[in-house]
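Report on the structure given below.
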Amino acid sequence: MRFREFEKEVEELVARACASLGYGEVEVEVGPPPGEGYGDLSSAVSLRIAKKTSQSPADVALKMASKMTEEAKGTRYVAGVVPHRAGYLNFTLDYARFSCDSIGDILRGDLGAMPKTGRKVLVEHTNVNPNKALHIGHARNLVLGDSLVNVLRYLGDDVRALNYIDDSGSQFADVIVGLKFLGLPDEAPAGVKFDAYCGDRIYTRVTQEYAKSPGLKEKESLVLREIEKGEGELAEYAKKIVGKILAAQLETCWRLGASYDLLNWESQIVHSGMWDEIFGRLKSMGVVKLESQGENAGCWVIPDTETGEQKVVVRSDGTAVYVAKDIPYAAWKIGLVGDPFEYQVYGAKQPDGAVLNSTVLSGGVKGMDFSGADIAISVIDVRQGYLQKIVAKVLDSMNEGASKRYLHRAYEVVALSKATAERLGFEVEGEFAHMSGRAGLYVNVDTMLASLKERARAETRKRSLSETDAWVDDVSEALAISALRYELLKQDPDKIIVFDADEALRLQGDTGPYLLYTYARARRILDKTDGRPSIDLGSAAKMTKPQELRLVKRMSMLDAAASKAGEYLSPREVAKFAHELAVAFNDFYENVQVNKEADPALRDARLALVDASSKVLAKSMTLIGIPYRTRI
RNA sequence: GGGCCCGUAGCCCAGCACGGAUUAGGGCGUCAGCCUCCGAAGCUGAAGAGCGCGAGCGCAGAUACCAUGGGUUCGAAUCCCAUCGGGCCCGCCA
């Protein structure tokens, strides 16, 4: 987008000035000025040069500015260079030209999406154990991962979204225990989703029963063994149940706007033989060794040379531990092993129309080009950091530098506020309580969305008395999704989100609905006009109000926000951008008349600005998976 | 014992990645305003970041201010070290 071009011009000006004034190689950096009245872009190079050459920063700035003023005339967007007495160089934008170009680009459909990079990226996210409904902690994972997928695609990467299903773990096995050995029905009661039924009524129940009757716990290992074997009546039954749970979970995922390209199954990774191959290689390379003494005697371990500790990877009974299932998956992703899988269409329609595939061990097609990515990103909560590090270390030992291509996007958990946890019937000592699926302490996404939707519905109905119920329903759904996604995305991933049910129901202030409202406001202007959005250099020059200029400038920074999001694997940069753009638009809206403007050329230019900025807002919302409506 | 993360107004957060220009921004809440004017899910203003008390004032203000104390620097909310408080991880569970 055009702001980046302006930046480049400024960087070149500065670099040339440094060279011609004999300052030598200086790292040119430009950034946003601290506030208005300091131009549109600033550079502190003069401070650095002053230090190097022991001159006063103001003098350096003055010299450089006078050098650049002449050259600036040859640029497209740099209107002027102003030295500041503190030693900064401030550059101002030629707004007429800039507005004309920026708005023109966007109206022609150029929203800053980048050309293909050729980089193949896998993003693994969601990964909910198939034994319960998604709770709001899972939603944080999904929102982060799904938004990241969108952002990276916008940045030109070839991205596949992966969802890993742990269908051979104890959490899932416990559901089978409940169904098979506690005699619980394998149909959910009317009105209850199957995933919620399994999580809320079976899994928690089985956990309680384990405490009461120790014999039952043996059934868990029986189920695990049968599942691992992969054949027989119990295994077939488990397969059927996992499919039902997954289908219910995916409904929620899709409702949240996520979509996936591939489902990976833990059971298939185990059966694929990848681990045996990798294990063999690790043995011959001496990365793992058979411990002969101490408490790990009889186990294959990875020694940590720094701490002297060991991580067991194969138990003394010969079975592989959890990380040993993660290692082949990771190696498969970045192409350190051959692709043993075949692929089949999973057969359900996703919201964005993308085809969802599933791995199979036989009966599918080969060579779907999922494995062997340049970069693999795993969105997994911070508690798995240690294990992810071990995985990365093993990858490095298989292939020098491999861990640079295997990235863990960690994020902190979602906890429940004291008030919310207590309302669920739990006693809380501190300020908040960690969720626990086992204990039944969590807030399901579907439940939360239902509450949000009801609140949104009441508000929407109040404002639109003559609309149909279907319309109100659609809008309320969009508001509910936006509220939840924005809430989970806007906060720093390193910080725990303390979720408070009341607080989260807010539809005002810095929320998702603010974005929808702003978009609808903008579209309203375009609906109500007789004019046509159009712009040329002459009409662009008539837009001189600070609110107009701020809006144009902000709008042209979407690509910069997305780049930052991609660089730091942090899509909330886009959420922040969307919010800032919405603020800029509302400021414009309150202070600048569009349809009442008497000068038709200026009116049309403003219409063009409204059209363009609303398109950018919509695009930024799409990147973070927030739906928008022309009216709400 | 080892490691990771967090600590910014009553509450929640942004700013920290690359140290700089100032009133350290925003939301919630509180108080006061704005719909004969393109949608009030919006916007504007005030109070709120140190100390004291009769809670509104007073004291500060070459400046005090981002948990506390040091350090680096011409310059620190931002970098480094230590300390305190909170959370998490370190299993032949997954």
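Per chain, numbering begins at 1; letters A, B, ... match sequence-line order. The structure displayed is predicted, hence computed values, not measured ones.
U36(B) and G27(B) have their P atoms separated by 25 Å, given to the nearest Å. Rounded to whole Å, the C1' atom of U8(B) lies 15 Å from the corresponding atom of G50(B). For G19(B) and A76(B), the P atoms lie 13 Å apart once the distance is rounded to whole Å. When the P atom is used for both C90(B) and U30(B), the distance is 43 Å, rounded to whole Å. C65(B) and G54(B) have their C1' atoms separated by 28 Å, given to the nearest Å. Taking the C1' atom of each, C80(B) and C59(B) are spaced 36 Å apart, rounded to whole Å. Comparing the same atom, C1', in A47(B) and in G33(B) gives a spacing of 15 Å after rounding to whole Å. Taking the P atom of each, U68(B) and A64(B) are spaced 14 Å apart, rounded to whole Å.
Among the protein residues, Tyr514(A) comes within range of the sugar-phosphate backbone only, with heavy atoms under 4.0 Å from sugar or phosphate atoms but none that close to a base. Within 4.0 Å (heavy atoms only), Ala410(A) reaches no atom of the nucleic acid at all. Within 4.0 Å of Asp492(A), counting heavy atoms only, lie sugar-phosphate atoms of the nucleic acid but no base atom. Looking at heavy-atom distances under 4.0 Å, Glu295(A) makes contact with a base. Base engagement by Thr460(A) is indicated by at least one non-hydrogen atom pair under 4.0 Å involving a base atom. If you check every strand for non-hydrogen atoms under 4.0 Å, Glu573(A) touches a base. Using a 4.0 Å heavy-atom cutoff across all strands shown, Leu479(A) reaches at least one base atom of the nucleic acid. Within 4.0 Å of Ala297(A), counting heavy atoms only, lies at least one base atom of the nucleic acid. Backbone-only contact: Asp166(A) has heavy atoms under 4.0 Å from sugar-phosphate atoms and none from a base. Among the atoms of the strands shown, none is found under 4.0 Å from any heavy atom of Arg523(A).
Taking every side-chain heavy atom of Arg315(A) into account, C93(B) is the closest of C93(B), G42(B), A17(B). In this structure, the nucleotide among A17(B), G87(B), C92(B) sitting nearest to the side chain of Tyr568(A) is A17(B). In the set A14(B), G87(B), U22(B), the nucleotide with an atom closest to the side chain of Gln491(A) is A14(B). Nearest nucleotide to the side chain of His434(A), out of G20(B), C92(B), G87(B): G87(B).
Lys283(A) NZ: more than 12 foreign heavy atoms inside a 6.0 Å radius. The number of heavy-atom neighbours closer than 6.0 Å to CD of Glu218(A), taken from other residues, nucleotides and ligands shown, is 12 or below. Atom NZ of Lys219(A) has 12 or fewer neighbouring heavy atoms from other residues, nucleotides or ligands inside a 6.0 Å radius.
For C43(B), the paired base is G33(B) (Watson-Crick or G-U wobble, both distances below 3.5 Å). Of all nucleotides present, only G50(B) satisfies the Watson-Crick or G-U wobble test against C59(B), with each distance under 3.5 Å. A82(B) is paired with U68(B) under the criterion used here, namely a Watson-Crick or G-U wobble arrangement in which both key atom distances are under 3.5 Å. Base pairing annotation: C28(B) forms a Watson-Crick or G-U wobble pair with G10(B), both donor-acceptor distances under 3.5 Å. Base pairing of C92(B) is not made with any nucleotide, judged by Watson-Crick or G-U wobble geometry with both donor-acceptor distances under 3.5 Å. With a cut-off of 3.5 Å on both pairing distances, U23(B) has no Watson-Crick or G-U wobble partner at all.
Under the 4.5 Å side-chain criterion, counting only non-hydrogen atoms from C-beta, Arg629(A) is not in contact with Leu479(A).
Taking the nucleotide of RNA chain B with the nearest heavy atom to each of Ser43(A) and Leu507(A), the more 5' of the two is matched to Ser43(A). Summary of the strand contacts: Ser42(A) and Tyr386(A) both lie near RNA chain B, and taking for each the nucleotide with the nearest heavy atom, the more 5' one is attributed to Ser42(A).
Looking at Ser316(A), its side chain comes within 3.5 Å of the base of C92(B) through a donor and an acceptor atom. For Asn90(A) and A21(B), a side-chain-to-base donor-acceptor distance below 3.5 Å is present, hydrogens and geometry of angles not being considered. For A94(B), the base has no donor-acceptor partner in the side chain of Ser168(A) [N/O atoms by modelled type, under 3.5 angstrom].
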| message | What does the B/S/- profile of nucleotides 24-38 of chain B look like, 5' to 3', with a 4.0 Å heavy-atom cutoff to protein? | response | ---SS--------SB

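In this pair, Tyr589(A) and Phe585(A) present their aromatic rings tilted. The plane angle is within the 30 to 60° band. A tilted orientation is assigned to the rings of His84(A) and Tyr38(A), their planes being inclined by 30° to 60°.
At whole-Å resolution of the value, CZ in Arg572(A) and C1' in A17(B) are 12 Å apart. Atom P of nucleotide G39(B) and atom CD of Glu467(A) are separated by 14 Å, given to the nearest angstrom. Atom C1' of nucleotide C89(B) and atom NZ of Lys311(A) are separated by 11 Å, given to the nearest angstrom. Residue Glu459(A) contributes atom CD, which lies 10 Å from atom P of G42(B) at whole-angstrom precision. Atoms CD1 (Ile497(A)) and P (C12(B)) sit 14 Å apart, rounded to a whole Å. Atom pair Lys325(A):NZ and C93(B):P shows a separation of 11 Å (rounding to whole Å applied). Taking atom CG of residue Asn127(A) and atom P of nucleotide A94(B), one finds them 17 Å apart after rounding to whole Å. Per the geometry, CG belonging to Asp381(A) stands 18 Å off P belonging to C4(B), to the nearest Å.
Look at Glu220(A) and Lys217(A) and you find a salt bridge, because one of the NZ, NE, NH1 or NH2 atoms lies within 4.0 Å of a carboxylate O, short of that distance.
With ring centers used as reference points, Trp300(A) lies under 6.0 Å from Phe279(A).
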| task | Check the pair Asp174(A) / Gln171(A) against side chain to side chain donor-acceptor pair (under 3.5 Å), numbers first and verdict last. | result | CA-CA 5 Å; Asp174(A) 288 347; Gln171(A) 293 206 21; over 6 Å; no

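Annotated as anti: C90(B), whose O4'-C1'-N torsion sits more than 90° from 0.
Note on Lys576(A): a side-chain N or O is less than 4.0 Å away from OP1 or OP2 of G15(B). Side-chain N/O atoms of Lys495(A) include one lying less than 4.0 angstrom from OP1 or OP2 on A14(B).
No side-chain donor-acceptor contact under 3.5 Å links Lys132(A) and Gln249(A).
When atom types are taken as modelled, the side chain of Thr529(A) and the backbone of Gly531(A) share a donor-acceptor pair closer than 3.5 angstrom.
Note that Arg550(A) lies outside the cation-pi zone of Phe588(A), set by a 6.0 Å cut-off to the ring centre and a 45° limit from the axis.
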